[in-house]
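One structure below.
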Amino acid sequence: MLGKRKGGNKNIKDKLWIKNSLFRRFLVIVILLLVFMTGSYGLTTRVVKNLIRKNTETSNEKILHQIDAKTSEFHNSLYNILTLLAYEQTAYDYFSQSRLDRLNEYENLISLLSNTMMIQNDIPGITLYDAHKSKLAGVGKDFDVFAQVEMVSKLTYSNVFRPNSSSEAYFMVFYPVYDLQNGNYDKQLGMIVFLMRASKFSSYLVDTAITENEQLFLVDRNNVVIAGDREQEFQRLDASELESTPERFIQVVEQKETGWRIVSIIPVQELYNGMTIVRSSILVIYLITLAGLLLLLCFCYFIVIRPIRRIDLFVKNNVAYPTRRLAIEGEDEISVLAGNLNHMLDEKDEMSEKLRLSQRILYETELAKQQMQVLAYRNQINPHFLYNTFECIRAMALYYDADEIAEITMALSRIFRYAIKGDNVVTVAEEIRNIREYAKIIHYRFGGRIRVDIQVEEEAEDKELIKLILQPIVENSIFHGLEQKLEDGLVAVKVEIVRETWLRLTVEDDGCGMQQETVDRLLYQMKRQSLHRSSSKDSIGLTNIYQRLQLFYGETATFRMESSPGKGTRVEIIIPHRIPGKGM
């Protein structure tokens with residue numbers, strides 16, 4: 001009783017251990033899923049946060065480039081006006097005229113300058129200077145700053161300034177005028193200076209901010225605000241204010257035509273607008289996904305794992321209890337698996353018996369194969385003996401001047417030599433040479449009534465094929481197709497290359513031919529390897545050839561046979577010109 005109780009307690013402990021182990025595995029899976037979901041949530045939040053910031057930065061950069069494009073468009077327009085003005089005949093001649101001529105042309109020049117100011121409303125003043133920085137003429141406002149101009153060699157923008165006598169801010173545009181009569185265009189006649197209102201650029205920055213508290217500025221080379229925030233307009237920004245910090249994000253676009261810069265200042269917290277809604281949505285999605293995973297785990301345990309565990313225990317105990325079978329409780333896939341397992345066990349004894357029978361047959365077959373090999377080695381003596389005998393007959397025929405006997409004996413000797421040759425793989429030229437020797441014998445036997453015509457493409461002569469594949473077909477054509485024919489007969493043998501890497505072997509005769517049902521029967525016997533069912537001699541050679549083709553080439557070989565009564569028979573073989581395995 002004590003031993004039984006200990007055994008029972010052990011079984012209970014084993015069951016509890018298995019049960020607890022499964023629970024622990026599920027618990028570990030749940031914990032790993034929670035860790036994975038938490039990490040995924042954090043990673044997704046960070047990725048979305050970075051993506052929102054990147055999109056905001058990209059959108060803001062596009063706006064800055066749009067402002068830059070407007071500034072470039074303003075520059076191009078101003079450049080065109082300056083070019084037209086500078087090289088208009090009245091203005092251009094004024095730089096090189098004498099004082100008297102200038103007095104005569106002064107009114108015309110002033111009119112030209114006034115018209116230019118009317119075309120461009122943002123030009124409050126225009127002044128002309130000669131090459132020595134002396135003022136030649138001017139219209140509009142004339143501040144003291146004009147006395148401090150410097151000669152430039154290309155169109156240049158000044159920094160923004162606010163004259164003491166004006167509440168507006170201005171900047172100057174310097175445009176050099178060159179002597180067009182000089183071939184090198186390196187002689188400067190003077191310079192045209194436009195006085196421009198800076199308020200022009202304020203319109204470029206209106207309603208362009210992408211966040212509520214973003215600040216957009218257009219600053220000159222001295223970091224003086226030309227347009228932007230009204231409170232900081234025309235004030236100089238410190239260099240530290242144009243550097244990004246953890247609290248603010250700075251983007252700067254250099255304006256290449258003016259030398260100024262477009263500056264954007266965005267509070268970092270505004271780069272993540274809408275992040276709270278996105279984070280909440282992601283959290284809800286992850287919670288729903290986690291709940292779904294937990295339900296899936298419960299489903300897997302009760303519907304899949306527990307039945308599989310029952311099957312596993314059954315398989316383990318099957319050796320001790322081979323007659324037991326699983327109880328099938330449903331119609332799902334696992335129940336079908338249990339039914340199939342029961343069916344497999346029902347067939348186990350039958351399969352074991354069949355296996356034992358197959359092993360016995362395989363052993364007997366292998367033994368018969370070895371016996372056939374020994375017999376083949378023993379039979380090699382006879383062909384050599386016959387070959388030597390044929391050589392002796394040929395010598396005697398030559399001695400008695402029986403040339404025809406010598407020639408037919410020589411042909412037969414070569415055929416035997418070719419037959420006992422050890423290699424199973426030969427070239428097309430060797431196979432054709434053997435057929436020519438056979439054709440000699442046929443010529444003497446039938447007194448020239450049956451002729452063998454051979455056509456071989458030169459490129460095919462060195463290609464490989466198995467030995468004695470054509471001669472048996474030629475023999476069948478002669479003895480079953482032409483021998484019974486009273487008229488002369490012809491066997492045409494043709495070897496050619498098709499599709500670059502394939503050989504087509506054709507043997508065609510003009511003999512008696514066969515009915516289609518006879519052809520179908522022969523093909524069926526060959527494919528079914530039913531040699532023992534055949535009662536006709538002609539199928540033996542063809543079946544042997546077909547089986548050897550299957551042995552050497554497998555499914556790649558093609559064997560066709562066509563025949564019509566009174567018209568003859570045609571056999572076609574298509575094989576690769578390289579044999580996959582030699583020495584078979």
Side-chain angles (χ1 to χ4, degrees), residues 424-429 431-432 434-435 438-439 450-457 459-461 463-485 489-581 584:
N424 283 318
V425 178
V426 296
T427 63
V428 171
E431 181 75 2
I432 294 300
N434 181 63
I435 294 176
Y438 179 75
I450 296 178
R451 184 166 56 91
V452 179
D453 180 60
I454 301 174
Q455 296 181 13
V456 182
E457 289 187 357
E459 295 80 1
E461 290 184 351
K463 305 306 179 183
E464 297 177 342
L465 77 166
I466 56 177
K467 184 171 64 176
L468 293 176
I469 191 173
L470 290 175
Q471 188 270 336
I473 302 176
V474 174
E475 184 176 351
N476 271 343
S477 296
I478 292 173
F479 291 103
H480 300 286
L482 299 175
E483 187 176 15
Q484 302 173 9
K485 185 178 179 182
L490 173 66
V491 179
V493 180
K494 188 176 182 180
V495 181
E496 56 187 337
I497 294 179
V498 293
R499 292 179 292 176
E500 296 183 358
T501 59
W502 295 78
L503 284 175
R504 178 160 63 196
L505 316 175
T506 307
V507 178
E508 185 174 3
D509 63 71
D510 57 357
C512 298
M514 296 178 288
Q515 296 290 340
Q516 184 61 40
E517 59 183 21
T518 305
V519 175
D520 295 339
R521 177 174 55 82
L522 291 176
L523 291 175
Y524 175 78
Q525 290 175 353
M526 287 187 292
K527 292 180 180 180
R528 298 288 295 175
Q529 298 183 357
S530 302
L531 183 61
H532 59 282
R533 298 182 183 176
S534 174
S535 60
S536 59
K537 297 179 180 180
D538 57 343
S539 65
I540 297 177
L542 295 178
T543 302
N544 178 271
I545 292 173
Y546 182 81
Q547 291 176 348
R548 290 172 63 212
L549 288 173
Q550 294 297 313
L551 179 64
F552 277 83
Y553 299 99
E555 297 297 329
T556 60
T558 302
F559 186 97
R560 299 192 185 98
M561 183 167 59
E562 300 172 356
S563 184
S564 298
K567 295 183 179 180
T569 303
R570 183 178 186 272
V571 177
E572 180 185 78
I573 299 174
I574 299 177
I575 55 175
H577 66 61
R578 289 189 180 276
I579 299 178
M584 295 288 291

Set out, in order, the CA-CA distance, both residues' side-chain angles and the distance that settles side-chain contact (heavy atoms from CB on, under 4.5 Å) for Ile478 and Val491, then state yes or no. CA-CA 7 Å; Ile478 292 173; Val491 179; 3.9 Å; yes

Side-chain donor or acceptor of Glu431 paired with backbone N/O of Leu468 under 3.5 Å: yes

Rounded to the nearest 0.5 Å, how far does CG of Leu505 lie from CD1 of Ile575? 5.0 Å

Side-chain (Glu572) to main-chain (Thr506) donor-acceptor, under 3.5 angstrom: no

Residue pair Ile435 / Val452: nearest heavy atoms and the distance that separates them: CG2-CG1, 4.4 Å

Is a side-chain donor or acceptor of Thr558 paired with a backbone partner of Ile573 at a separation under 3.5 angstrom? no

Nearest-0.5 Å distance, CD1 of residue Ile450 to OG of residue Ser477: 10.0 Å

Output, in order, the C-alpha distance, side-chain angles, deciding distance and verdict of side-chain contact (heavy atoms from CB on, under 4.5 Å) for Ile497 and Leu503. CA-CA 5 Å; Ile497 294 179; Leu503 284 175; 4.0 Å; yes

Would you check if the side chain of Thr518 reaches a backbone N or O of Met514 as a donor-acceptor pair within less than 3.5 Å? no

Using every non-hydrogen atom in the two residues, find where Ala460 and Val495 come nearest and quote the distance to one decimal. CB-CG1, 4.2 Å

When you compare the side chain of Leu542 with that of Met561, does any pair of heavy atoms fall below 4.5 Å? yes

Smallest heavy-atom separation, Ile466 atom then Tyr553 atom, equals N-OH, 3.7 Å

About how many Å separate NZ of Lys467 and CZ of Phe552, when rounded to the nearest 0.5 Å? 9.5 Å

Interatomic distance, His577 atom NE2 to Arg504 atom CZ [nearest 0.5 angstrom]: 14.5 Å

Should Asp520 and Gln516 count as side-chain neighbours, where that means a heavy-atom distance under 4.5 Å? yes

Would you say the side chain of Asp453 lies within less than 4.5 Å of the side chain of Val493, judging by non-hydrogen atoms? no

Contact check, side chains of Ile432 and Leu470, non-hydrogen atoms, under 4.5 Å: yes

Quick check for you: to the nearest 0.5 Å, what is the distance between Ile469 atom CD1 and Phe559 atom CZ? 8.5 Å

Pairing of Lys485 and Asp510 as salt bridge, 4.0 angstrom limit: yes

For the atom pair CG (Leu549) and CD (Glu555), what is the distance rounded to the nearest 0.5 Å? 11.5 Å

Correct closest heavy-atom pair for Val425 and Glu464 would be CG1-CB, 4.0 Å

Do Thr569 and Val507 have side chains that approach each other closer than 4.5 Å (heavy atoms only, starting at C-beta)? no

Salt bridge check: are Lys463 and Glu461 linked by an N-O gap of less than 4.0 Å? no

Verify side-chain contact (heavy atoms from CB on, under 4.5 Å) between Val474 and Tyr438, making sure each step is shown before the conclusion. CA-CA 9 Å; Val474 174; Tyr438 179 75; 4.1 Å; yes

